[in-house]
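These numbers were taken from a predicted model, which means no experiment stands behind them. Because only heavy atoms are used, hydrogens play no part in the values below, and waters and symmetry mates are left out as well, while side chains stay in. A note on names: the letters A, B, ... follow the listed sequences, proteins ahead of strands, and every chain is numbered from 1.
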Amino acid sequence: MAGLVRIQSEDFSVEEEVKRIKTVSKEVGGVVSFLGTARNISKGEKIVSLEFEHYPVMAEKKLDEIRKRALDNFNIIEMGIVHRVGRLDIGENIVLIVAAARHRNDAFMACEWAIAELKRVVPIWKKETTGKGEVWVEEHP
Amino acid sequence: MAGLVRIQSEDFSVEEEVKRIKTVSKEVGGVVSFLGTARNISKGEKIVSLEFEHYPVMAEKKLDEIRKRALDNFNIIEMGIVHRVGRLDIGENIVLIVAAARHRNDAFMACEWAIAELKRVVPIWKKETTGKGEVWVEEHP
Amino acid sequence: MAVKLKFFAMLKGLIGREEAELEIPGEISMAELKTIIKREYPVLADLIDKRGVLVSVNQEFAGNEMTIKDGDEVAFLPPFSGG
Amino acid sequence: MAVKLKFFAMLKGLIGREEAELEIPGEISMAELKTIIKREYPVLADLIDKRGVLVSVNQEFAGNEMTIKDGDEVAFLPPFSGG
């Protein structure tokens, strides 16, 4: 079975990932998911496609740390994270974070924290292809 | 096709509901979902099963108003809400709220607001069956 | 003139039924209707006075100033617990 | 002694390659390594000085006081844009 935290080029099933996280305990009362998808517009430019690159080993390690810190710092029962790499078309799934908790507030807080933290500390980079060519995105210049 | 806002006794597919909301626009960049599930414990009591009752017509109307107010008050692109009624076993899905936005913060805010508002204004009631018998839950006494 | 009453969740158990018909002496306010209801269904009196139930008319929340007309559907709604 | 250098995303384009070997004169600090790197890869100098890139050693973020040893993998990481 695939792990709870993964980087992969294939698409993922939201249903399967949510089911895997929600069934870890009968105490789960709320599951919050964040699904990031490939938008067609970025800073006013029309996007044709995206490509994600990652630093293997380090990126997986950082994602795993995010899950562990979420379990330590929020009152959640489980968290799963999947991030895709490689070339993606508009509308495709990029990332999914699923947090399961007894109570919904904890799941919301953990999920929101995890996606912000992912953007901050995980060595993954996005290249956008527009009509003008390709450019590596710098979200935090 | 089933509507974006529904009350039903059958289970729903998280995958289908998320796909329906995320594909309304190519501008969607983030989709936040809240899935409420039947916990096995409530206020220290072990739950055997749940039963949800609703006020037909009014409950659907209130859910529809929540979607419209979410679209008016948050910068989201679409929202879907499904709530189940009837008898549910532990672990089963109860409610799903899906919010799609250009940016994730708007989707998180709208989804979190919508589930809180649902609990506040939608005429749906939960009966818990424990070893001691059946009791209608009063979350806000 | 008559209105249809509906009782949900725990109120069904308290009243012993889900629905009832109630004769009213003409168009009256919700406040007046509540006075009649408290007399006819004493078990509801305390809940109504302590705002332990909300009231709707024709599937919309209604306040005490609302006018109740012939054929209206008046529902008594205990605290919600959906979600 | 040598370390392996890795360049990601926009840095690959700036440098013209993804990986390189760099000879070091013995165990040195990250601060000393950065001085060598800025000389060998002038295109990185500005980014390093303005903290426009993070640096990792063996897949873990590293500060200037970190000791660089033979065989270490040192990576230059432009601002992340995952998610």
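- Between C:Gly82 and B:Lys119, the shortest heavy-atom contact is O-CG, 3.3 Å.
- Interface residue B:Lys61: only side-chain heavy atoms are found under 4.5 Å from chain C.
- Among B:Ala116, B:Pro123, B:Pro56, the residue with the largest count of heavy-atom pairs under 4.5 Å with chain C is B:Pro123.
- Considering only heavy-atom pairs separated by less than 4.5 Å from chain C, the leading option among B:Leu96, B:Val135, B:Val57 is B:Val57.
- No more than 12 heavy atoms of other residues, nucleotides or ligands sit less than 6.0 Å from atom NZ of B:Lys46.
- For a residue to count as touching a neighbouring chain, one of its non-hydrogen atoms must lie under 4.5 Å from one of that chain's; by this rule B:Tyr55 touches chain C with backbone and side chain alike.
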From CA spacing to verdict: side-chain contact (heavy atoms from CB on, under 4.5 Å), B:Leu118, C:Phe80: CA-CA 9 Å; B:Leu118 183 153; C:Phe80 308 139; over 6 Å; no
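- A donor-acceptor pair is defined here as one N or O able to donate and one able to accept, closer than 3.5 Å; no such pair exists between the side chain of B:Glu138 and the backbone of C:Pro79.
- Between B:Val137 and C:Ser81, the shortest heavy-atom distance links the atoms O-OG, 3.3 Å.
- In this structure, the portion of C:Lys6 lying under 4.5 Å from any heavy atom of chain B is its side chain and not its backbone.
- In terms of modelled atom types and a separation under 3.5 Å, the side chain of B:Trp125 and the main chain of C:Phe8 share no donor-acceptor contact.
- No part of B:Glu60 comes within reach of chain C, as not one of its non-hydrogen atoms sits under 4.5 angstrom from that chain.
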